[in-house]
Amino acid sequence: MKNSEAARIFSELAGLLELDEKQNPFRVRAYRRAAMVIEGFPRDIAGMTKEELKKIPGIGEDLALKLMEIAETGTCRAYEAAKRKSPAGLSLLLGIPGLGPKTARAIYEKFPVKSLDELERLAGGHRLKASVPKIKEKTELNILRGIELIKRGTGRRPLGRVLPIAREILARLREKAPVKRISICGSLRRWKETIGDIDILATSGNPGAVMDVFVHLPQVGQVLARGETKSTVILAEGVQSDLRVVEESSFGAALCYFTGSKEHNIRLREMGVKKGLKINEYGIFDKKGKKIGGENEEDVYRILGLPFIAPELREDSGEIAAALEGKLPELIEMNDIKGDLHTHTKLSDGHNTALELANAAIARGWAYIAVTDHSKGLGIARGLSAERIVKQMDEIDRLNETLDGFRILKGVEVDIRSDNTLDLPDDVLSRLDIVNASVHSGFRQPSAKITGRIVAAMKNPFVTTISHPTGRLLGERDAYQVDMDEVLRVAAITATAIEINAFPGRLDLNDIMARRAKDLGIPIVINTDAHITDHFDYMSYGVAIARRAWLEPRNVINTYEVDKLLEVLHKKRLILK
Ligand code: DGT
Ligand code: CA
Ligand code: CA
Ligand code: ZN
């Protein structure tokens with residue numbers, strides 16, 4: 001049972017319910033939100049008890065029962081009933097990325113399709129355009145692309161793959177097109193861990209010229225639509241991108257609207273309605289329809305009586321209530337980071353020396369790094385034996401004498417072996433500043449086994465941190481069956497730090513788990529796992545996950561001065577003695 005399967009069922013159920021005018025919109029939203037949370041949840045919901053499920057944000061009694069039903073039977077009665085009530089085939093249409101409920105219904109009324117292949121033939125032969133009102137060629141192309149995505153597996157791509165593409169597009173547009181203001185919006189601006197498409201918003205005195213540049217960019221593989229103020233293209237790697245050009249006076253309102261999330265926007269609009277205001281992508285309008293703001297995004301929040309809410313928080317996960325109470329977190333920023341506690345040198349599988357890493361960190365204004373090469377058990381990574389680690393420690397002592405105002409911390413990434421023991425003896429670990437413990441084998445072990453390994457590592461007084469705690473690789477490998485409730489519980493008791501691994505393929509902990517770690521008072525560390533100096537760039541991904549998790553600098557120990565950092569990490573040596 002994959003969590004993504006449960007997420008899909010909830011999301012389709014939401015879509016089916018949405019077609020029914022009489023349905024309660026809150027219910028629809030609850031399913032959507034649950035789908036999102038379950039998709040990002042690092043532990044397999046199969047085998048979790050009702051009480052455990054209810055601890056997941058957004059999951060109450062009713063949804064917990066449905067999840068158990070899905071885990072057991074592969075579906076749930078509510079979903080089956082909704083499918084029965086709405087004509088067969090409609091749910092197939094609803095499952096196509098980018099196809100909304102209204103269009104789906106319009107198509108279905110003309111063509112009660114039963115398979116993707118049938119739909120593909122209709123769209124490919126322009127039969128939809130010919131017979132269904134409001135369907136244009138563009139819609140058909142979107143449907144074809146959606147079908148292709150479904151057939152290929154997933155329509156979403158990891159943040160780390162999409163962001164560089166988006167930045168390049170933006171740089172090009174700034175350089176070549178007559179844009180005044182320009183911004184990324186959508187899930188990318190919120191730094192969601194997976195991205196559906198790239199949304200770009202701009203203003204210009206000559207929107208047509210901007211569109212021309214956009215559709216002719218070298219990165220563009222296919223132009224799906226080219227309008228005067230909006231175009232859609234498919235870029236290399238199959239990523240879709242929308243560019244909209246709006247009036248100067250609407251830029252802020254549009255930025256807010258297209259940044260989303262949709263659920264956040266709905267909340268804002270509801271608040272507006274209560275104040276007799278209308279909020280849309282064009283601006284904020286009073287009772288008489290007079291525009292009272294919209295040039296800047298701040299306008300939207302200010303007029304609603306709210307402080308500005310950072311894009312990373314806009315997921316309808318309590319941010320509006322917090323804003324109303326003046327309790328928004330003072331979010332961590334890149335500037336708060338003072339160093340990286342998980343790096344690899346040439347001695348194991350990295351590409352640089354400790355000194356090269358240190359100099360790169362100094363260039364970034366950091367105050368310390370920890371060198372944490374792999375321990376010997378990890379054969380593939382040329383792991384270090386106890387003797388080689390001791391030799392490296394001496395080398396680091398020598399380097400530190402030459403470095404002014406910067407410290408290389410001595411560390412290791414020690415392998416947690418299958419028999420729960422660590423790969424290096426305590427007398428070596430005790431001499432190191434930083435001991436990152438991590439699992440690199442036995443990924444498919446049952447929950448109790450793999451959780452037991454991590455718990456055993458945390459109970460070692462010298463293990464400072466658990467690295468990439470769930471082991472998931474975005475789009476490649478699911479998390480191990482680790483019981484993160486238990487891991488976080490023991491982390492809190494043993495004062496062990498938990499890592500947000502910022503490596504774009506990992507992002508582990510994810511935002512939801514990191515927020516729980518914060519609530520439990522667990523020290524959190526954001527590390528890049530650099531294998532080459534350029535990887536320090538990845539820190540911004542980790543900081544983004546931290547921001548999405550509502551973390552403040554005080555929750556993240558690598559914002560501390562080195563002395564305080566070590567004090568926190570070595571506290572457990574006293575507790576566990
Ligand atoms: P993605 O692309 O799936 O990763 O996620 P988003 O959030 O970028 O979604 P997208 O690209 O469909 O739309 C961009 C933003 O536009 C979205 O975050 C909120 C806004 N938006 C789109 N459709 C609607 C809608 O039907 N109602 C409202 N209120 N906002 C919408
Ligand atoms: Ca998007
Ligand atoms: Ca979009
Ligand atoms: Zn590592």
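In what follows, every heavy atom counts, from backbone to side chain, and hydrogens, waters and symmetry copies are set aside. Indexing begins at 1, ligand by ligand and atom by atom, following the structure's order. A quick note: this is a predicted structure, and the numbers were derived from the prediction, not measured.
For the pair Arg244 and Phe251, the cation-pi test (distance below 6.0 Å, angle within 45°) is failed.
Taken from NZ in Lys376 to OG in Ser348, the straight-line distance is 14.5 Å, to the nearest 0.5 Å.
Note on His344: counted as a metal contact of the Zn ion (ligand 4), an N/O/S atom lying under 2.8 Å.
If you look at Asp199 and ask which of its N, O or S atoms sits nearest the Ca ion (ligand 3), the answer is OD1. Closest approach between the Zn ion (ligand 4) and any N/O/S atom of Asp529 involves OD1. Looking at Asp197 and the Ca ion (ligand 3) together, the shortest N, O or S contact belongs to OD2. Nearest N/O/S atom of Asp242 relative to the Ca ion (ligand 3): this is OD2. Of all the N, O or S atoms in Glu413, the one closest to the Zn ion (ligand 4) is OE1.
Within the 4.0 Å heavy-atom shell around ligand 1 one finds Thr259. Put simply, no part of Lys192 is less than 4.0 Å from ligand 1, judged by heavy atoms.
Glu263 has no carboxylate O lying under 4.0 Å from a charged side-chain N of Arg267, or vice versa, which leaves the two without a salt bridge. Using a 4.0 Å cut-off between a side-chain N of Lys or Arg and a carboxylate O of Asp or Glu, Arg32 and Asp316 do not qualify as a salt bridge. Taking 4.0 Å as the cut-off between side-chain N and carboxylate O, Glu193 and Arg472 count as a salt-bridged pair. A salt bridge links Arg548 with Glu315: the distance from a Lys NZ or Arg NE/NH1/NH2 to an Asp or Glu carboxylate oxygen falls below 4.0 Å. The pair Glu270-Arg29 counts as a salt bridge, with a side-chain nitrogen and a carboxylate oxygen less than 4.0 angstrom apart. For Arg189 and Glu297, the salt-bridge test passes: some basic side-chain N is under 4.0 Å from an acidic carboxylate O.
Heavy atoms of Asn265 found under 4.0 angstrom from ligand 1 belong exclusively to the side chain. The proximity of Leu188 to ligand 1, defined as any non-hydrogen pair under 4.0 Å, does not occur for either the backbone or the side chain.
At least one N/O-N/O distance between Gly196 and ligand 1 falls below 3.5 Å. Considering backbone and side-chain N/O atoms, Thr194 never comes within less than 3.5 Å of an N/O atom of ligand 1. Taking distance alone, with nitrogen or oxygen atoms compared against 3.5 Å, Ser261 stays at or beyond that limit from ligand 1.
Short contacts between ligand 1 and Ile195, defined as distances under 4.0 Å to a heavy atom of the residue, involve ligand atoms 4 (O). Heavy-atom contacts of Phe258 reach the following atoms of ligand 1: 14 (C), 15 (C), 16 (O) (cutoff under 4.0 Å).
Protein heavy atoms are found inside the 4.0 Å sphere centred on atom 5 (O) of ligand 1. The protein does not reach atom 9 (O) of ligand 1 closely, with no heavy atom under 4.0 angstrom from it. Shown here, atom 22 (C) of ligand 1 is out of close reach of the protein: none of its heavy atoms lies under 4.0 Å off.
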